[in-house]
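Quick note on labels: first sequence line is chain A, next is B, and so on, each numbered from 1. This one's a predicted model, so the numbers in the text were calculated from it and none came from an experiment.
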Number of protein chains: 2
Amino acid sequence: MYELFFQKFNEKVPLTLEEQEQIKTYLTPKKLRKRQYLLQDGDVCKSIAFVEKGALRAYTVDENMNEHIIQFAIEGWTISDLFSYLTAEPATYTIDALEDAELVLITRAAHDELLKTQPKYETYIRLLITGAYIALQRRLTSNISLPAEERYTRFTETYPDIAQRVPQHMIASYMGLTPETLSRVRKKMAERR
Amino acid sequence: MYELFFQKFNEKVPLTLEEQEQIKTYLTPKKLRKRQYLLQDGDVCKSIAFVEKGALRAYTVDENMNEHIIQFAIEGWTISDLFSYLTAEPATYTIDALEDAELVLITRAAHDELLKTQPKYETYIRLLITGAYIALQRRLTSNISLPAEERYTRFTETYPDIAQRVPQHMIASYMGLTPETLSRVRKKMAERR
DNA sequence: AAAAAGCCTTGACATTTGTCAATGAAAAGG
DNA sequence: CCTTTTCATTGACAAATGTCAAGGCTTTTT
């Protein structure tokens, strides 16, 4: 347990074994079955989840009952409704498992305690969020400046693993397209070769 | 000089006067005239810029010479090509002044030094980026899940100051629309009241 | 003051994307 | 093994957005 979590942590901020043990006491393991919720829209998000195994997604549901996928998370990634987590306001996202999953949770209380007692944890979080911010900025840039086909191509090139593991209608949702539109975009691409 | 910078800093992380003086030695003031570049696409981004006065924008130019605005920054905001800044790779964004501006720059060298010597600086940066991440996630969520009109309404409600200061075609660009489309969306909204 | 440039709007038309409905294939569940 | 659900695709049509061109108004520059 926690192998991948500490591997990723050490890549960002090297830890001694003692530090590792100390941090471990703040972590909570959790298993999720496929389709189970980690967070439901309206609840307060109580933890950041690191994915040791499996796949999750965060999404919103609009007034027409259409789902819009905000984020995928597979092994080595982290997922949460950060705003709700930090402010304790009701979440606007729902998070559930796309496959059976093993998670490492950092509760809000653990997070606060670690920030106080372990400077390397703050550095880890800073680097984690910085990376997430840069990735998000890239995605937004694609979204406002590229046509659907180009966005799809870049997505499959950037995240080939996700493109293979999740249903295409979810990728469409992630890109802000309907499943029909993505299907037609793919058809056009195929016809050209 | 630096009044607003330290006001915002203190709101996030309270500083003693000594700490403030220490940090001040790492800051660089800079004035920009309207239309002047802070960063040109292809150069390495050498600093994070805090806006004391004026207004800037970050944008990309696509192969059809269309500009796509990534971010606005007015008084109290921070702007940079963070990826280029942190990796020292060529910037993909251009940043220029929409109005005459006064900036506080944190160079990469100053940033590294401050991270090493001043724990409160790391906390400030962590909170800064966390806020930027949450705002960006909101924007992306709007972009993939809301129609143009609703996005525009939310934008003007969230950033009324920017909506008034910046030409409408730039707001269109920020939302991923053409100026003509935004003009028509606004017309429809006006006709309904 | 005149000229130039920037900005917003509008019309006509093209392209992209969405909606609704139907189908068949594959996967999941009992 | 059979049933049900999920998924991807396709067609016909509607709605949203983009493109191109023009005009008028304002601001900037000379």
With no angle test and no hydrogens, is the base of D:dT19 tied to the side chain of B:R184 by a donor-acceptor pair under 3.5 Å?
yes

Sub-4.0 Å heavy-atom contacts from residues 150-183 of chain B onto DNA chain C, ordered by number
B:P167, B:Q168, B:H169, B:E180, B:S183

Among A:Q36, A:R57, A:K34, A:Q40, which residue satisfies the side chain to side chain donor-acceptor pair (under 3.5 Å) criterion with A:D96?
A:R57

Rounded interatomic separation in angstrom, taking CZ from B:R35 and P from C:dA5:
11 Å

What I want to check is whether an N or O donor and acceptor connect the side chain of A:R186 with the base of D:dT10 at under 3.5 Å.
no

So which nucleotide from C:dA28, D:dA12, D:dT17 ends up closest to the side chain of A:K34?
C:dA28

Quick one: is C:dT9 close enough that its OP1 or OP2 comes under 4.0 Å of any side-chain N or O from B:K187?
no

Whole Å only: how far is the CG atom of B:N143 from the P atom of C:dT17?
14 Å

Which heavy atom in B:L38 sits nearest to a heavy atom in B:A49, and how many Å separate them?
CD2-CB, 3.6 Å

Can you tell me the distance, in whole Å, between the CD atom of B:E191 and the P atom of C:dT9?
12 Å

Any chance you could measure B:T141, atom OG1, to A:L140, atom CG, to the nearest 0.5 Å?
10.0 Å

Using a 6.0 Å distance limit plus a 45 degree cone around the ring axis, check whether A:R138 lies over the aromatic ring of B:F83.
yes

Can you tell me the distance, in whole Å, between the CG atom of A:N64 and the P atom of D:dA16?
12 Å

B:Y121 and B:H111 aromatic centres sub-6.0 Å:
yes

Let me know the distance between CG of B:D62 and C1' of D:dG18, rounded to the nearest Å.
13 Å

Between P on C:dA28 and CZ on A:R33, what's the gap in Å once rounded to a whole number?
15 Å

Tell me whether the guanidinium CZ or amine NZ of B:R139 lies under 6.0 angstrom from the six-membered ring centre of B:Y174 and within 45° of its axis.
yes

